[in-house]
Amino acid sequence: MKLFLDKQLNTNDKETAIIAILNGMYSKKYDHLSTSVSLIGYEMTGKFLKSSNRKERTIIEGIRDAIQSLVDKEIIEIIDKNNDNYIFSSKGLEVNSDQKKFVVLEQWEMQCIFEKANKPFNVFSFFCSLIGTINNQTKEWHMPQDEMSSLWGYGKETVNDYLEQLEKMQLIYVYRHKKRRSNGTYYKLNNSYGRYCDKDAVIAEAQKYSDTVECEDFVEKLDRRAIKLRYNAYCNDAKKYRNNFDAEVDLCRQSITYNKLLKYKPVEGYYDGEYKQGELLDLSVFPDEVRNAVDDNWGEPVPMEHDFSIEEMLDMPTEGEVLSEPILI
């Protein structure tokens, strides 16, 4: 089932989710929509919600609140109602693409978000806004995060969090450019993004985008000693990595970056009076599924000198923000 959301509609997070699913449920064959809170919840999540479950109860309450607020705003109209059972008129539910522009979503995308997101109404609304910016022809766009925060009313930390959640769900693909403008400003290029199913197109268009800007490559500093210590701990069966797939993937990604930079700038030092060059880390110690997950990672963020978290790395300056000092190659 496809869901349609009017781009010009002014709705909050809960209202956005409800109007999207109601538009998807409505059929032009009828002049009304007969449904209930229970059925709406089922279409949104793929299962019947139980009020005894705290998270599911929150969704049920959100559905009720959003229906009432949509009615109060005169976006939708109730013909008849009995407790949680509703008959809506066609008002606000008809889709006429000749007169309005719509964001088109898939029902399974909504269900994935409501299953996995920590704040499903908020993350879904953010996803709708993000998808609405993507170029339909190129399947990619590169809006700066500051603009996302300004336009959609989220803090930058929240933007980073929601992007990361959507990446983990494989709903979006983010291409993180390893380039900065070569005009002395040290602006990083905005990340390019699109639907995960359009990954190849996003990568191709992101590279075309970077070719339109005079840029230079840069390599961010790594604390190679810290990575080597983590790698050695992993090889010695450290508890931190037991049954911790995400930690293994993160370490594997760091090890790959370690090897790349080691080829660029070898480790210098002396051992027993003779020069000793650092050796590449053996990536075969990681299981195939870990290496595959890294290969399929969206953008491969590079751990930095002070062991920044993913959120901190995503918060690094992009176009429109100036670095306090250049990042050394």
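Sequential numbering from 1 along the given sequence is applied to the chain's residues. The structure displayed is predicted, hence computed values, not measured ones.
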**Q** Can you tell me which residue pairs pass the salt bridge (charged side-chain N to carboxylate O under 4.0 Å, His left out) test with a partner in residues 17-26, sequence neighbours excluded?
**A** none

**Q** Not counting sequence neighbours, which residues clear side chain to side chain contact (heavy atoms under 4.5 Å, CB included) with R242? List them please.
**A** D237, K239

**Q** Is it true that D72 and Q68 share a donor-acceptor pair across their side chains at a distance under 3.5 Å?
**A** yes

**Q** Looking just at side-chain N and O atoms, do E140 and Y173 make a donor-acceptor pair shorter than 3.5 Å?
**A** no

**Q** Residues in side chain to side chain donor-acceptor pair (under 3.5 Å) with D84, at least two apart?
**A** R64

**Q** Applying side chain to side chain contact (heavy atoms under 4.5 Å, CB included), name anything that partners Y42, two or more places apart in sequence or on another chain.
**A** F48

**Q** Applying salt bridge (charged side-chain N to carboxylate O under 4.0 Å, His left out) as the test, list every pair that has at least one member in residues 109-120; sequence neighbours left out.
**A** E109-R195

**Q** Using only atom types and a distance under 3.5 Å, with no angle test, would you say the side chain of S27 pairs donor to acceptor with the backbone of Y30?
**A** no

**Q** Quick one: which residue pairs count as a ring-ring contact (aromatic ring centres under 6.0 Å, His included) with a foot in residues 57-80, not counting sequence neighbours?
**A** none

**Q** Are any side-chain N or O atoms of K2 and backbone N or O atoms of V104, one a donor and one an acceptor, separated by less than 3.5 Å?
**A** no

**Q** Is it possible for you to say whether F286 and V294 belong to one hydrophobic cluster, with membership spreading through side-chain heavy-atom contacts below 4.5 Å?
**A** yes

**Q** More than 12 foreign heavy atoms under 6.0 Å from NZ of K73: is that the case here?
**A** yes

**Q** Output every pair passing ring-ring contact (aromatic ring centres under 6.0 Å, His included) with a member in residues 54-90, not counting sequence neighbours, ordered by first then second residue.
**A** Y86-F88

**Q** By side chain to side chain contact (heavy atoms under 4.5 Å, CB included), which residues pair with E74, not counting sequence neighbours?
**A** K91

**Q** Should Y162 and M148 be counted in the same cluster of Ile, Leu, Val, Met, Phe, Trp and Tyr side chains packed under 4.5 Å apart?
**A** yes

**Q** Which hydrophobic side chains are connected to L229, either touching it within the sub-4.5 Å cutoff or through other members that do?
**A** none

**Q** Side chain to side chain contact (heavy atoms under 4.5 Å, CB included), that's the test. Do I40 and I67 meet it? Break it down for me.
**A** CA-CA 11 Å; I40 293 171; I67 289 175; 3.9 Å; yes

**Q** Please check this pair: side chain of S125 against backbone of F121, looking for a donor-acceptor N/O pair closer than 3.5 Å.
**A** no

**Q** Could you tell me whether the side chain of N12 and the main chain of E15 form a donor-acceptor pair under 3.5 Å?
**A** yes

**Q** Side-chain heavy atoms under 4.5 angstrom apart, residues restricted to Ile, Leu, Val, Met, Phe, Trp, Tyr: same cluster for V71 and L9?
**A** yes

**Q** Under 6.0 Å from the CG atom of N10, do we count more than 12 heavy atoms belonging to anything else shown?
**A** no

**Q** Surrounding NZ of K50 (heavy atoms of other residues, nucleotides or ligands, distance under 6.0 Å), is the total greater than 12?
**A** no

**Q** Side chains of Q165 and D161: any donor to acceptor distance under 3.5 Å?
**A** yes

**Q** Taking transitive links into account, so neighbours of neighbours count too, which hydrophobic residues share a cluster with I79 at under 4.5 Å side-chain distance?
**A** I87

**Q** Return the minimal non-hydrogen interatomic distance between P120 and I113, and the atom names on each side.
**A** O-CG2, 3.7 Å

**Q** So if I apply the side chain to side chain donor-acceptor pair (under 3.5 Å) rule between S89 and each of H32, E77, E94, which one comes out positive?
**A** E77

**Q** Can you hop from M25 to L93 via hydrophobic side chains spaced under 4.5 Å?
**A** yes

**Q** What residues form a side chain to side chain donor-acceptor pair (under 3.5 Å) with D31, not counting sequence neighbours?
**A** none

**Q** Mind running side chain to side chain contact (heavy atoms under 4.5 Å, CB included) on Y175 and Y193 for me, showing each step along the way?
**A** CA-CA 6 Å; Y175 183 95; Y193 54 84; over 6 Å; no

**Q** Can you list everything that forms a side chain to side chain contact (heavy atoms under 4.5 Å, CB included) with N232? Sequence neighbours excluded, please.
**A** K228

**Q** Are F126 and I134 in one and the same hydrophobic cluster, where Ile, Leu, Val, Met, Phe, Trp and Tyr link if side-chain heavy atoms are under 4.5 Å apart?
**A** yes

**Q** Taking S149 for its side chain and Y154 for its backbone only, find out whether a donor-acceptor pair lies under 3.5 Å.
**A** yes

